[in-house]
Amino acid sequence: MNEIFAQYCNNRHDMARKWKQETGKKVYGYFCCMSPEEILFAADILPVRITGTGEPLQKADLHVPPNSCPFARSCLDAGMQGHYDYLDGVVVPNSCDIIFSMEYLWKTLVKRPNPPSMVGGIDLKPYVHYINYPEKINSRGVLPFYKEVLSIFKQELERGNNRLITDEDMSRAITAYNDDKFQLKRLYEMRKTDPPAVSGFEAWQAVYASILMPKDQHAALLKESLDEIEKTGRKAEEGVRIYLSGSAMDRVNADIIKVIEECGGQVVTDDLCVGTRSFWYPISTELPPLEAIARRSLGTACPRSTVKERIPENRWAHIVNTIKGYDVEGAIFYVLKCCDARLGEYPHLRDKIKEEMGLPSLFLEGDYTAEGVEQMRGRVEAFIEMIGG
Amino acid sequence: MSQEKEVKTKGSKKSLQTARNTFKFIVEDYLQGHAHKQEGKPVVWSCALAEKELFYAMGLHPYYPENYAAVCATQRKNRDPSAEKEAVRFAKIAEQAGYSADLCGYQRVATGYIMNDDLTDAPLGGMPAPDLMVTTSSVCDVRLKWFEDMAQRLNVPLFTLDRPERVFNDIRRHPMPHEVKYYKSILEDYMSFVTDVTGIRYDEDRLRECMEWSYKTNEVRLEILDLRKAVPSPMGCADGFATMYPGMYCSGTEKAYNYYKELRDEVKAKVLAGEGIIQNEKFRLMWYGIPLWFNMGIFNYFEDIGGVFAYEPAYNPSPWPQSTGDDPLTELAIRSLYTGTSMSSGMSSILEQCREYHINGAVLAFLLTCRPVYLPALETKRILEKELGIPSVMIECDLVDERSYSEAQVKTRMDAFAEQILGQLEAKKEVA
């Protein structure tokens with residue numbers, strides 16, 4: 001869809017290094033889409049999401065057991081190998097158990113660019129910033145708590161980078177992020193038609209690029225591409241319309257989308273953290289900026305979180321919001337090994353999607369390798385054939 | 001996991017009378033709960049690290065599906081030796097319904113149990129149906145999703161105690177004001193939730209009373225831990241794990257305090273008499289992680305060659321900040337936030353404990369489905385070796401589902417490990 005998106009997807013590290021060299025600015029890595037990346041952007045820092053390589057591990061296997069999350073292990077291995085040596089800082093939210101452990105593992109095992117500034121046993125300029133992200137994302141006291149967490153993070157950034165982050169900076173970031181969300185939403189709207197204007201893989205590529213490059217540039221490029229698509233009226237291939245729900249998806253395992261397309265399917269919408277969960281809901285411009293960012297982050301429909309309702313269903317609203325209007329014919333759950341929150345919720349969601357929407361589901365357990373994705377082809381083909389007739 | 005192999009397992013040989021009496025304590029607790037339910041009083045299902053005073057103060061009798069899964073790991077249906085263990089039977093039901101075999105063993109067993117339609121068709125007459133459930137965000141994500149899933153299946157209201165997951169490995173152990181304020185708000189919400197569901201109102205004096213029992217119990221448990229540092233070891237892991245139930249699951253009651261007083265006195269007497277678990281103690285081991293509940297006999301494995309499992313970090317208490325006598329919810333929030341569950345917190349404390357308990361080697365339970373246990377396992381092994389020169393061995397399997405257990409593999413590893421430790425001790429003697 002756009003050559004620059006493809007470059008970011010295929011050569012993310014080179015692109016980030018180039019950006020850093022050209023701008024002279026800092027780059028921070030972060031895990032998970034609930035991370036308050038807007039504050040980094042406000043500090044004139046480029047936030048890039050940390051992803052893996054899919055290659056056999058060279059270093060991390062001595063430190064992280066083989067049955068734990070293959071995505072997180074690969075991320076750490078990439079860090080230990082120096083693929084992320086251009087990062088000036090790393091943000092680790094307490095998302096799942098595995099990412100939480102990155103606070104220790106990254107800090108202990110990945111070489112940092114500068115020595116710590118220890119005063120009284122405390123590192124005043126930490127390389128790894130821990131975000132104590134709540135688990136019950138709508139409890140009565142959660143907002144003041146989380147605002148304080150983000151305020152401490154902001155102060156750490158201010159100390160580490162010798163600059164204040166003003167409300168104006170954060171409002172500027174919110175505007176840039178909202179512009180990008182608007183374009184991404186527009187992209188997803190264009191997939192409601194049959195056939196969709198944009199294929200599932202092209203859309204994934206656009207979302208993936210958005211978490212690797214400056215949001216303002218991404219929004220401008222995406223707008224240009226979407227305007228062009230609208231003008232020419234181009235369409236993607238027709239196919240059985242699939243809802244893809246899954247674990248972290250980067251350049252390694254996103255090939256599952258290609259496999260689905262090659263088997264006669266078309267991913268038209270999703271429940272992915274490199275997908276709808278990263279952009280679906282705009283950030284408020286009416287609230288004080290820190291609160292608006294806190295609310296955006298708390299609004300992430302991550303499978304690991306819960307809510308205050310008596311029979312919690314925190315994910316269902318997002319699933320309904322992202323399926324409605326897409327004429328979905330089947331759901332594919334692509335869950336990485338060790339993704340316990342997703343594994344645990346799958347039987348319930350499978351049954352509920354069937355009961356309330358009449359949709360069949362296919363469950364695929366991924367191992368985060370290209371070979372593993374390829375091995376799923378037969379099952380995907382059979383599922384799509386079953387729906388398509 | 002292999003499907004139908006026979007697994008040879010056995011219970012542990014405990015050295016303390018109080019430990020041997022614990023199963024009776026558990027059975028009585030279960031029976032009290034059933035009687036409580038029959039009287040029309042509410043039953044709650046919960047989990048470790050939820051503050052137990054919260055239940056007793058509100059007149060709830062707690063049951064713990066995780067502990068129940070451990071009970072199921074030791075029992076066969078109708079005590080028929082040819083039947084599979086109840087934990088395996090229930091895990092299979094869950095797996096057939098689409099729950100991954102890689103999910104937490106506790107979760108699979110408990111899920112299979114509630115899917116089995118009849119809650120009484122299980123060991124100890126099962127757990128009474130819950131009127132409400134309470135889980136905590138501490139330790140692992142699984143307990144959030146698992147309890148959500150159970151709440152959905154049983155249509156029972158659930159409350160999550162969302163405790164901020166703090167990271168501290170430096171001087172910042174005392175929680176920050178916003179952390180205390182948040183957790184206190186969660187505790188207040190919990191009280192309102194219980195009132196809404198059961199009609200029982202929060203009584204501050206009653207909570208204070210339960211907390212006093214907890215403080216006293218914790219102090220005695222800390223005394224016991226201190227006594228366990230003695231050489232020879234007066235109380236090993238077989239006794240340690242056998243005696244955790246009253247502290248983990250009945251904290252806040254007088255009966256738990258009395259239980260540990262008796263245990264403390266028994267351990268103290270052994271220390272004063274210089275009496276150990278075995279006659280001729282040669283080396284001391286740490287058991288890292290939760291035990292293999294279906295095969296507790298493993299803790300006696302090295303005894304005939306002079307090896308004792310002297311210490312286990314799991315389930316043990318840590319010192320609490322002093323009771324201030326102020327508002328109990330604030331006090332409870334501060335106390336709870338002192339518990340660190342991050343890898344950063346865990347690594348530094350494990351080194352300290354190995355020094356204090358004179359540990360020569362560590363057996364690491366590499367529990368395939370328990371993320372908080374297996375995630376730090378390799379780092380724990382590396383750090384023990386690097387910082388203290390302590391060798392370790394890993395035992396791979398599930399915590400309650402014995403289908404993943406390979407007796408031959410475990411014995412081979414344990415035997416080689418014993419030779420390594422004995423060789424090291426011999427070499428040290430020669431140098432001396």
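Chain letters run A, B, ... following the sequence lines, proteins first and then strands; every chain starts at 1.
Contact detail for S344(B) and K107(A): the closest heavy-atom pair is OG-NZ, 3.7 Å. Here the closest heavy-atom approach between residue E148(B) and residue S305(A) is recorded as OE2-O, 3.8 Å. Residues S95(A) and D141(B) share a closest heavy-atom pair of O-OD1, 4.0 Å. Nearest heavy-atom pair, H348(A) versus D149(B), reported as atom, atom and distance to 0.1 Å: CB-OD1, 3.8 Å. When all heavy atoms of H63(A) and L378(B) are compared, the closest pair comes out as O-CB, 3.6 Å.
If you tally non-hydrogen atom pairs under 4.5 Å between each of L343(A), N67(A), D61(A) and chain B, the highest count goes to N67(A). Here P65(A) is the residue among G344(A), G141(A), S101(A), P65(A) with the most heavy-atom pairs under 4.5 Å with chain B.
Only the backbone of V139(B) comes within contact range of chain A, with at least one heavy atom under 4.5 Å from a heavy atom of that chain. For L62(A), the part lying near chain B is the backbone, with the side chain staying farther off; criterion is any non-hydrogen pair under 4.5 Å. For E309(A), the part sitting under 4.5 Å from any heavy atom of chain B is the backbone (N, CA, C, O) and nothing else. Heavy atoms of I383(B) lying under 4.5 Å from chain A belong exclusively to its side chain. Both the backbone and the side chain of L158(B) come within contact range of chain A, with heavy atoms under 4.5 Å apart. Looking at V142(A), the atoms closer than 4.5 Å to chain B (heavy atoms on both sides) sit in the backbone and in the side chain alike. With a 4.5 angstrom heavy-atom cutoff, N314(A) touches chain B only via side-chain atoms. Contacts of P144(A) with chain B are absent, with no heavy-atom separation under 4.5 Å from either backbone or side chain.
Geometric assessment of K145(B) against the ring of Y346(A) yields a negative cation-pi assignment under the 6.0 Å and 45° thresholds.
Between the OH atom of Y130(A) and the CZ atom of R166(B) there is a distance of 10.0 Å, given to the nearest 0.5 Å. Atoms CE and CE, on M102(A) and M343(B) in that order, are 8.5 Å from each other to the nearest 0.5 Å. Here the CZ-CG distance, from R342(A) to L103(B), works out to 13.5 Å after rounding to the nearest 0.5 Å. In this structure, N155(B) CG and I311(A) CD1 are separated by 4.5 Å, a value rounded to the nearest 0.5 Å. Atom CD of residue E165(B) and atom CG of residue D97(A) lie 8.0 Å apart, to the nearest 0.5 angstrom. Note that CZ of F159(B) is 8.0 Å distant from OG of S139(A), once rounded to the nearest 0.5 Å.
Ion pairing between a basic and an acidic side chain is recognised when a charged N comes within 4.0 Å of a carboxylate O; D340(A) and R371(B) show such pairing. Under 4.0 Å is where a charged nitrogen must lie from a carboxylate oxygen, and between E188(B) and R140(A) at least one such pair does.
Listed for the Q152(B) side chain is a donor-acceptor partner under 3.5 Å among the backbone atoms of P312(A). Side-chain N or O atoms of D162(B) include one that pairs as donor or acceptor with a backbone N or O of E135(A) at under 3.5 Å.
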For this session: Please lay out, stage by stage, how T108(A) and M347(B) fare under the test side chain to side chain contact (heavy atoms under 4.5 Å, CB included).
Result: CA-CA 11 Å; T108(A) 311; M347(B) 291 301 158; over 6 Å; no

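For the 3.5 Å distance criterion, the side chains of E103(A) and S342(B) fail to qualify, holding no donor opposite an acceptor. Under 3.5 Å, the side chains of Y182(B) and E148(A) contain no donor-acceptor pair of N or O atoms.
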